Amino acid sequence: MRRTRFVLACLACASTAFLEAQLAIRGDKVYTMSGPPIADGVVLVRGSKIERVGRASEISIPSDYKLLRAKVVTPGLVDAHSTVGLTGYLNQPHDQDMLEKSAPIQPELRAIDAYDGRDRLVGYIRGFGVTTIHTGHGPGALISGQTMIAKTAYDNVERATMVPLAMVAATLGEGARAETGKSPGTRAKMIAMLREEFIKAQEYSRKREKPATEKEKDKDKDKEPPARDLRTEMTARMLKGEVPLLVTVHRANDILSTIRLGQEFHLKIVLDGVAEAYLVLPEIKASGYPVILHPTMYRSGGETENLSMTTAAKLRDAGIPFALESGFEDYVPKTRVILFEAAIAAANGLSFEEALATITASAARIIGVWDRVGSLDAGKDGDLALYDGDPFEYTTHCTGVVIDGQVVSTAQN
Amino acid sequence: MLVSKHCMTPDNRFTRLLAFVLATASLLPAQQTPLAVVGAHVIPISGPEFDNGVLVVEGGKIVSVGPARSTKIPDNAQRIDASGKILMPGLIDSHSHIGSPAGGDGSAPIQPDVRVLDSINVRDAHIQKAQAGGITTANVMPGSGHLLSGQTVYLKLKDGRTIEDLLIHLADGRIAGGMKMANGTNSRRQPPFPGTRAKSAALVREQYVKAEEYRDKIRKAGGDTSKMPPRDLNMEALVEVLDGKRVVQFHTHRHDDILTVLRLANEFHFKVVLHHVSDAWMVADQIAAAHVPVSLIVIDSPGGKIEAKDVSFASGAVLEKAGVLVGFHTDDSITDSRLFMRSAALAVRAGMSREKALYGVTMANARILELQDRIGSLEPGKDADFILLSGDPLSVYTHVLETWVEGVRVFDRSDPKDYLYAVGGYGASHDQDDMNFDDEEKEER
């Protein structure tokens, strides 16, 4: 009996060891993003979490840890805003789920009901080191739906999901304009409709949640509390600050309208896109709203005609927290790769580490998952990207990707 | 003088139709005193790289180029210190849509009579942005929504006031340009456009058969004007293609569509360049066997359209290995002219040689446009089209500092007006009213 228990215990140990990946990643340079880079650094990963980070001279790598080596090691990259998984790579009607055009305001649409972890673009960006994506409904409607945060390692949406409801996506400006004869047809109408929606949600919350006083009860004595309404319920959650509103907006005047709206209803707002941010830096700074900046190589035209490759550096100078995004693309390339976008920002005013922060630490903070990803610290998720040189150089390769302690790519990308 | 005398030869009917657009001698300021660019690391493309080089330019042409120790600088030359910088030929983009070009309309799938040069806005800011990317020559094309959307034009990216300022005149007086064709999905539309691939090919063959017959009638007339067929702009343009005077620049993606292009070119003996060619890596050997060049696009991710689902950074490397002549293009605004070098660099990332990648944005494209005797490398006698870079051409941190076309500087990153185009910002996409000329140059006019 004792013997059997012993054998069972050993088997259990063995199987745990087998299931629990134990990795040592050693880099000529390890960018932890929570402190200065470590020359000849080691990251130990046990199970799905980072166990220890430090100089190779100070960490002895246990013999049963699988060793990976690279010139440069960074945290797994975090794409602060994408539509990958909802905007399939073929770009045909059957694989485009980022925009439902039947109504201008639909915050009840959940991203988790649409995310396809098997889409080829998920694996494609993962191959360059992208391990976490904030994805979901795209720009193109006043309120298009919800966003989520996913790990790029998994086919299954339940397994992939880190945060099922991250933000609600909104658009102001040309992108939100409805077809002729439908609302919203103008910018003023867009704001009016949003204000009406939030006021409606205030009423809804008051009636559903606040116990009526005797007097009110008397007044409303024949009235039941309003029936549960998914749309207004979500708007009400934004009013409470539980869910941020991610507003894709480019023109300076639209940025100011967004801030005005946010202040009226005390919303948590994340400014997205903001091609003309450099025209209204003091106002953005004063609002306290973080920015998810358009891809550095985004096409200029229409509302984005004035965008600049130097906006990231200007946001840095202004002290505004910001991250970079791959954003939404309706043609080729069907998605951008944040690694490449950060590279161009690094060539246009950001330092190497500042640019890397826009796709790691800053991105994780702005989308609210800093406790799990965005830096190499003990206790955080075992997400790493390995490169054979400066990750931003065109001719460098991503040589390894680790997600939740599992090696998910060793290809040269 | 409104018309170049070359075009007035009465029996040269195919060039006569272009005559009215030919301008007098260029109104642009020409470079007069010799210029010597000294001290740069030189990548001549035509030979090995060397340090501390000298490039001597006069009258818009390269006089000499070589290491400082062995290259004479004329006493009266204006010297430009380029030490610490990289000097290489101006980049050539073999497929671009700068200048807001438009070709054929929705009336027919095949419109060879349409010339894109009749649509170009030389004040379009995209031309300035292309200069900021180091591009000195571009093949500006109509779109791919037709089987044949019209005649393309090869432009010198000077600071021009009129399209004439940018045109390249060939020895026979014709304006340099190709013929844009496309197959696959883009040109499949509602009638009168084709609905299938087989119909697409049939419509094209029908027109080329007609053009062959038209050409035969002209040949039979033997110069007797009374026996000549009535003038037909469509047929005249296609005869230029059949005669090899106008290269077909063929948009194609899918592996089978690529082979269809080769089949058509073989049947009608036209010169062709394969453009975009997402699936090139699948049929590299067939392309090589046909001795057909490729003009590649490099896209950050696959898809966006069904035909581009397998596009790969590795195409350049695979084609190089197969022995295919490989150029790159921006397809601006699909990719940004200011980052053209990036396409070559990403091909190197996927295994292409540095040498062939740099060749691909210069000399390969010169050959693709059949302008290899004028542009594409730093060699005496060629046009003085060159760029100065802040560092290695394949590095992301490198910027184009200056762009020169025929001995005239058209982009200077240290000039705030030019810098605006290089990085973007308020007004960077607006049409230009004064075309960015220096004040003194304006006064000269």
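This is a predicted model, so every value here is computed, not measured. In what follows, chains are A, B, ... by sequence order, proteins preceding strands, each numbered from 1.
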I would like to know whether B:Lys129 and A:Ser300 meet side-chain contact (heavy atoms from CB on, under 4.5 Å); could you show each step before the answer? CA-CA 11 Å; B:Lys129 290 180 181 176; A:Ser300 54; 3.1 Å; yes

After noting the C-alpha distance and the side-chain angles of B:Tyr397 and A:Tyr394, does the key distance pass the side-chain contact (heavy atoms from CB on, under 4.5 Å) rule? CA-CA 10 Å; B:Tyr397 301 108; A:Tyr394 295 137; over 6 Å; no

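Around the NZ atom of A:Lys314, the shell of radius 6.0 Å holds more than 12 heavy atoms that belong to other residues, nucleotides or ligands. With a 6.0 Å radius and a threshold of 12 heavy atoms from other residues, nucleotides or ligands, A:Arg118 has its CZ atom at or below the threshold. Around the OH atom of B:Tyr426, the shell of radius 6.0 Å holds no more than 12 heavy atoms that belong to other residues, nucleotides or ligands.
In terms of modelled atom types and a separation under 3.5 Å, the side chain of B:Arg349 and the main chain of A:His397 share no donor-acceptor contact.
Using a 4.5 Å heavy-atom cutoff, the side chains of B:Asp300 and A:Lys334 are not in contact.
Across B:Gly303, B:Ala347, B:Ala125, the residue that shares the most heavy-atom pairs under 4.5 angstrom with chain A is B:Gly303. Ranked by heavy-atom pairs shorter than 4.5 Å toward chain A, the options B:Arg354, B:Lys309, B:His399 are led by B:Lys309. Chain A forms the most heavy-atom pairs under 4.5 Å with one residue out of B:Ile299, B:Val348, B:Thr398, and that residue is B:Ile299. Taking B:Ser429, B:Ala345, B:Gly424, B:Gly425 one by one and counting their heavy-atom pairs under 4.5 Å with chain A, the maximum is reached by B:Gly425.
Salt-bridge formation is detected for the pair B:Asp310/A:Arg120: a Lys NZ or Arg NE/NH1/NH2 atom is positioned less than 4.0 Å from an Asp or Glu carboxylate oxygen.
Contact of B:Ile334 with chain A is made through backbone and side chain together, with heavy-atom distances under 4.5 Å.
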